[in-house]
Amino acid sequence: MYQIKINITLKSSVLDPQGQTVLKALHDQGKQSVVDLRVGKYIEVKVDAKSEAEAESLAKEMCESVLVNQVIESYSYQIQAL
């Protein structure tokens with residue numbers, strides 16, 4: 001059994017209105033030291049795979065077929081044996 005932790009973010013070339021809203025809220029609270037902020041998604045998936053390589057293959061397949069819009073988003077993941 002493996003746990004896959006997936007981070008999905010908008011590509012740097014894509015406008016992030018949610019991130020800009022959060023950044024403005026932090027600035028309104030006086031946190032001027034925050035100079036940039038991007039909002040993304042975090043997904044945890046547990047898979048019954050026979051090896052870390054199989055879990056990695058599943059992670060890539062899930063990201064590229066369902067979880068990530070590759071036109072505007074990029075992703076990274078970490079795999080941990082349970």
How far apart are the closest heavy atoms of Gly19 and Val39, and which atoms are they? CA-CG2, 3.6 Å

Out of curiosity, Lys60 NZ to Ile4 CD1, how far, rounded to the nearest 0.5 Å? 12.0 Å

Spell out, yes or no, whether Val22 and Ile8 are grouped together once hydrophobic residues are joined by side-chain heavy atoms under 4.5 Å, including indirect joins. no

CD (Gln29) and NZ (Lys24) are apart, to the nearest 0.5 Å, by 11.0 Å

Are more than 12 heavy atoms from other residues, nucleotides or ligands located less than 6.0 Å from atom CD of Gln78? no

What is the minimum heavy-atom distance between Lys41 and Leu67, and which atoms define it? NZ-O, 3.9 Å

So, taking the atom named OH in Tyr75 and the one named CG in Asn69, what distance separates them when rounded to the nearest 0.5 Å? 13.0 Å

Answer with yes or no whether the hydrophobic clustering places Leu10 together with Ile6; edges join I, L, V, M, F, W, Y residues whose side-chain heavy atoms lie under 4.5 Å apart. no

Determine whether a donor-acceptor pair (N or O, by modelled atom type, separation under 3.5 Å) exists between the side chain of His27 and the backbone of Val35. no

List the residues meeting side chain to side chain contact (heavy atoms under 4.5 Å, CB included) with Leu15, not counting sequence neighbours, and say none if there are none. Pro17

To the nearest 0.5 Å, tell me how far Glu56 CD sits from Ser51 OG. 9.5 Å

Intermediate values then yes/no, side-chain contact (heavy atoms from CB on, under 4.5 Å), Glu52 and Tyr2: CA-CA 7 Å; Glu52 186 169 332; Tyr2 291 88; 4.0 Å; yes

Heavy atoms of other groups near Lys11 NZ, more than 12 under 6.0 Å: yes

I want to check something: taking the side chain as every heavy atom from C-beta on, are Gln3 and Leu82 in contact at a cut-off of under 4.5 Å? yes

Is it the case that over 12 heavy atoms from other parts of the model lie below 6.0 angstrom from the CD atom of Glu64? yes

Looking at every heavy atom in both Ala49 and Ala55, which two are closest together, and how far apart are they? CB-N, 3.7 Å

Roughly how far, to the nearest 0.5 Å, is SG of Cys63 from CD1 of Ile43? 7.0 Å

Hydrophobic clustering (ILVMFWY, side-chain heavy atoms < 4.5 Å, transitive) - are Val47 and Val66 grouped together? yes

Locate the shortest heavy-atom distance separating Gln20 from Leu37; write the atom from each residue and the value. NE2-O, 4.5 Å

Pair Glu44-Tyr42, side-chain donor/acceptor within less than 3.5 Å: yes

Is any side-chain heavy atom of Gln18 closer than 4.5 Å to a side-chain heavy atom of Thr21? no

Value rounded to 0.5 Å, distance of CD in Glu54 from CG in Asp48: 8.0 Å

